[in-house]
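Order of appearance sets the numbers: ligands from 1, and atoms from 1 within every ligand.
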Amino acid sequence: MNTDCYICSGKIKKINDFSFKCKDCDYYFSNLKPGVGQDVSGLKFLRKKNFRKIIDVFLKFNKKPKILEIGSGDGYFLEECINYKLSIIGSEASQKSVKKLRSKFNNQIIKLRLPENIKKKYNNLFDVIIFNDVFEHLTKLNEVIKCISRVLAKDGVVVINLPSSDGINFKLSKLLMSIGISEIYNRLWQKDFSSPHLSYFNKNNLTNFLLKHNFKMVSDGYLDTVDFNNKERFDSLFKNYLFKFLLKIFLIIFFYIQRILPKDNIFLIFKKN
Ligand SMILES: [Zn+2]
């Protein structure tokens, strides 16, 4: 185990058998096995609403951007960009996902497994390169930033949306873990899923990490985490009916108060310095 933080070279503290934290910059990371593909579905309404929010923000930088999405999953972001009549190329790492997306979006999909030479696949520059819930699943983040940097147009922006370790969910899950309930913490990392989370950033350490690569943050915002129609995805967490019931009550309360709580899902927009 490397004892220095990947982000700031600070000292590492062990959290549990699979996760660690940097004592200096609060960057969390796991030793879970990286994978491709996508496990969480059924969030169509909420995700598309969040995507429109992000699109409205990056359009302020360029009204007619050429967009590359890294990891397109179900293709909801592609659908929204098409609704906005924007030029977009989507990508996926596995042949299976590429095939599925191509059945709907044809030649707008390329097979890409970062870090790799994007120019070989698509010889053009992009004004927007976006990671939608993807960055936290990737290894070799230094190389990832280097390779997208090479295909980013002058004045182009990189958009990263991801779960934040400063969010109320993450903080509460750690609190619960400290009293012996680790289900929520493990679920947030997508432990035992085919593509678990490898890192948990917050706004500060992600900004510092991109700064190392000569990017500065030019905009940021947050996304809603819970909506009434996505409660089912937590249903399988507990077998105990009392826990199931309490979780349901909690989610309903949470829906109303999430706006004033520390944000679970954030997006940051970066430009080359
Ligand atoms: Zn650190």
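- Under the 30°/60° scheme for interplanar angles, the aromatic rings of His137 and His197 are found to stand perpendicular.
- Taking the six-membered ring for Trp and thresholds of 30 and 60 degrees, Phe77 and Phe51 have ring planes more than 60 degrees apart, a perpendicular arrangement.
- The Zn ion (ligand 1) has Cys5 SG, Cys8 SG, Cys22 SG, Cys25 SG as protein N, O or S atoms under 2.8 Å away.
- Closest non-hydrogen pair, Leu152 versus Lys272, comes out as O-NZ, 3.6 Å.
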Check the pair Val144, Phe131 against side chain to side chain contact (heavy atoms under 4.5 Å, CB included), reporting the backbone distance first and the verdict last.
CA-CA 11 Å; Val144 166; Phe131 296 84; 3.9 Å; yes
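- Applying the side chain to side chain donor-acceptor pair (under 3.5 Å) test to Lys171 and every residue at least two apart in sequence or in another chain returns nothing.
- Heavy atoms only, all atoms of each residue included: Leu188 and Asn169 are closest at CD1-O, 3.6 Å.
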